Amino acid sequence: MDIRVLRYFLAVAREENITRASESLHIAQSSLSKQLIELEQELGKQLLVRGKRKITLTEEGVLLRKRADEIVDLLEKTERDIRLDSETVRGEISIGGGPSNSIIQKAAQLREKYPEVQFRFLFGDAVDITERLDHGSLDFAVLIDPVDTMKYDCISLKESSQWGVLMKADSPMAAHSVIHSDELAQIPLIIHQRAGLQRDLARWASREIDFLNIAGTFNIIHGSPARFVESGLGNVLIMNNLVDITPGQNLCFRPLAPALKTSYSLVWKRYPVFHKAAEVFLALMKKM
């Protein structure tokens, strides 16, 4: 597959329209359509459903969009890294996962000394982040402990998060200063779908996860989790660093007891090929 055609495909997937995609790519609409048809013929699969109002992706198209995005991202990152002078501290450092305060502070320190350095933060679930780290489109990732140290090198970060329940302030359970496992079983919950986190919760409660009244699950929350609670769907079992209760919201956060905490590590591939800026950033983090 030609990388140029993958870029064409991604533009159509993004715009959901051949005309708008051709305008953004500055090529003729007929030429773009021809390239996409040839791509489908090459792969032997239909990738696009060409509706009257918009274009949607088939199941194979969704898979290709994910892979094409990773391929193009990796190619562009490689091109940027190769162009850099090996001794010049500049360029882009890409970090997947939620950056901790210590990472942000070190990023600010590096930028202050080397203003030509840029940071790219990519949010996603653990599967997506580790795939991108493995493929090389990310320099670093922030992952929940424990880390596979046979596969990655890592630095333990000083921050940790405490699990608790985000609920309405007028809920009967809000009268409690902490939430125990028996109390947790009495309320509808929205919890993380990651199996490892659910196992941690089961160990904390000394019982199977089925003891919970699960109203819904999530892999990553975009925006505030408050809307789930305010809707009445359920109370959100979440880490305290993801909770931001603004004045006027009828919400409160109650930690679990005994405390259930999650720690994090900054992770990178073993035997990495870093450009100078990434090397300097890693050295800063190791001094932390």
Side-chain angles (χ1 to χ4, degrees), residues 93-109 119-130 133 138 140-147 154-169 171 173-174 176-181 184 187 189-205 212 214 216-230 233-268 281 284-285 288:
I93 299 171
S94 53
I95 303 174
S100 66
N101 289 335
S102 59
I103 289 175
I104 294 172
Q105 289 167 5
K106 294 301 179 184
Q109 288 179 24
F119 284 86
R120 179 167 68 97
F121 298 103
L122 180 71
F123 292 84
D125 60 24
V127 174
D128 180 47
I129 293 300
T130 51
L133 184 65
L138 289 174
F140 304 99
V142 178
L143 299 180
I144 291 175
D145 290 332
V147 171
C154 64
I155 298 171
S156 294
L157 300 173
K158 60 184 180 181
E159 298 93 347
S160 65
S161 301
Q162 184 168 0
W163 286 88
V165 183
L166 181 65
M167 61 180 70
K168 290 183 178 180
S171 166
M173 205 69 69
H176 302 192
S177 59
V178 294
I179 304 296
H180 298 91
S181 61
L184 196 66
I187 56 177
L189 290 170
I190 300 168
I191 69 171
H192 202 291
Q193 70 180 26
R194 184 173 171 181
L197 293 177
Q198 291 189 8
R199 285 195 297 269
D200 289 345
L201 182 63
R203 282 195 293 268
W204 167 83
L212 294 177
I214 300 176
T217 62
F218 62 89
N219 65 337
I220 184 170
I221 291 182
H222 293 285
S224 172
R227 53 203 171 102
F228 291 104
V229 181
E230 292 168 338
L233 178 61
N235 307 279
V236 182
L237 186 64
I238 196 168
M239 291 178 281
N240 61 338
N241 62 311
L242 300 178
V243 174
D244 184 16
I245 300 174
T246 59
Q249 284 185 306
N250 181 36
L251 300 174
C252 64
F253 178 84
R254 295 292 181 262
L256 300 182
L260 175 61
K261 294 188 176 182
T262 293
S263 56
Y264 306 88
S265 290
L266 179 70
V267 175
W268 62 95
F281 175 73
L284 270 178
M285 292 300 300
M288 184 178 60

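Worth knowing before you read on, the calculation uses all heavy atoms, side chains too, and leaves out hydrogens, waters and symmetry mates. All values reported here derive from a predicted model rather than from experimental measurement.
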Determine whether Met173 and Met167 satisfy the following criterion, side-chain contact (heavy atoms from CB on, under 4.5 Å), listing intermediate values before the conclusion. CA-CA 8 Å; Met173 205 69 69; Met167 61 180 70; 3.9 Å; yes
Working for side chain to side chain donor-acceptor pair (under 3.5 Å), residues Thr262 and Trp163: CA-CA 8 Å; Thr262 293; Trp163 286 88; 2.7 Å; yes
Please evaluate residues Ile238 and Ile190 with respect to the criterion side-chain contact (heavy atoms from CB on, under 4.5 Å), reporting the C-alpha separation (whole Å), side-chain torsions for both, the decisive distance (0.1 Å), and the verdict. CA-CA 9 Å; Ile238 196 168; Ile190 300 168; over 6 Å; no
Which is it for Leu166 and Asn235 under the side-chain contact (heavy atoms from CB on, under 4.5 Å) test, yes or no, and what are the steps along the way? CA-CA 6 Å; Leu166 181 65; Asn235 307 279; over 6 Å; no
Verdict with supporting geometry, Phe281 and Phe140, ring pair (Phe, Tyr, Trp, His ring centres under 6.0 Å): CA-CA 10 Å; Phe281 175 73; Phe140 304 99; 5.5 Å; yes
Please assess Ile155 against Trp268 for the test side-chain contact (heavy atoms from CB on, under 4.5 Å), listing each intermediate value before the final yes or no. CA-CA 9 Å; Ile155 298 171; Trp268 62 95; 3.6 Å; yes
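Thr246 and Gln249 are linked by a side-chain donor-acceptor pair at a separation below 3.5 angstrom, with hydrogens and angles left out of the test. Residues Ser156 and Tyr264 have side chains that never bring a donor and an acceptor to within less than 3.5 angstrom of each other.
Considering every non-hydrogen atom in both Val142 and Pro99, the closest pair reads CG2-CA, 4.3 Å. The two residues Ser263 and Asp145 make their nearest non-hydrogen contact at OG-OD2, 2.8 Å. Taking each heavy atom of Ile129 and Gly97 in turn, the nearest pair found is CD1-N, 3.5 Å. Heavy-atom minimum distance, Arg194 versus Ala126: NH1-CB, 3.9 Å. Shortest non-hydrogen contact noted between Ser177 and Pro255 is O-CD, 3.6 Å.
Rounded to the nearest 0.5 angstrom, Ser161 OG and Leu260 CG are separated by 10.5 Å. Taking CD1 from Ile187 and CD1 from Ile179, the interatomic distance works out to 6.0 Å, rounded to the nearest 0.5 Å. The distance from atom OG of Ser171 to atom CZ of Arg254, rounded to the nearest 0.5 Å, is 9.5 Å. The structure places CG of Asp128 at 8.5 Å from CG of Leu138, a figure rounded to the nearest 0.5 Å. With rounding to the nearest 0.5 Å, the separation of SG in Cys252 from NZ in Lys168 is 11.5 Å. Residue Gln198 holds its CD atom at 9.5 Å from CG of Leu237, rounded to the nearest 0.5 Å.
Around CZ of Arg199, the count of heavy atoms belonging to other residues, nucleotides or ligands within 6.0 Å does not exceed 12.
Residues Val165 and Val236 fail the side-chain proximity criterion, which asks for heavy atoms closer than 4.5 Å. At a threshold of 4.5 Å between non-hydrogen side-chain atoms, the residues Ile221 and Leu242 do not count as touching. Gln193 has its side chain out of reach of Ile191: every pair of non-hydrogen atoms, C-beta onward, lies at least 4.5 Å apart. The shortest distance between side-chain heavy atoms of His192 and Phe218 falls below 4.5 Å. At a threshold of 4.5 Å between non-hydrogen side-chain atoms, the residues Leu256 and Leu184 count as touching. Residues Ile103 and Met285 meet the side-chain proximity criterion, which asks for heavy atoms closer than 4.5 Å. In this structure, the side chains of Glu159 and Asn101 come closer than 4.5 Å at one or more pairs of heavy atoms.
A donor-acceptor pair under 3.5 Å is formed between the side chain of Trp204 and the backbone N or O of Pro258. Under the 3.5 Å distance criterion, the side-chain polar atoms of Ser224 are matched with a main-chain donor or acceptor of Ala226.
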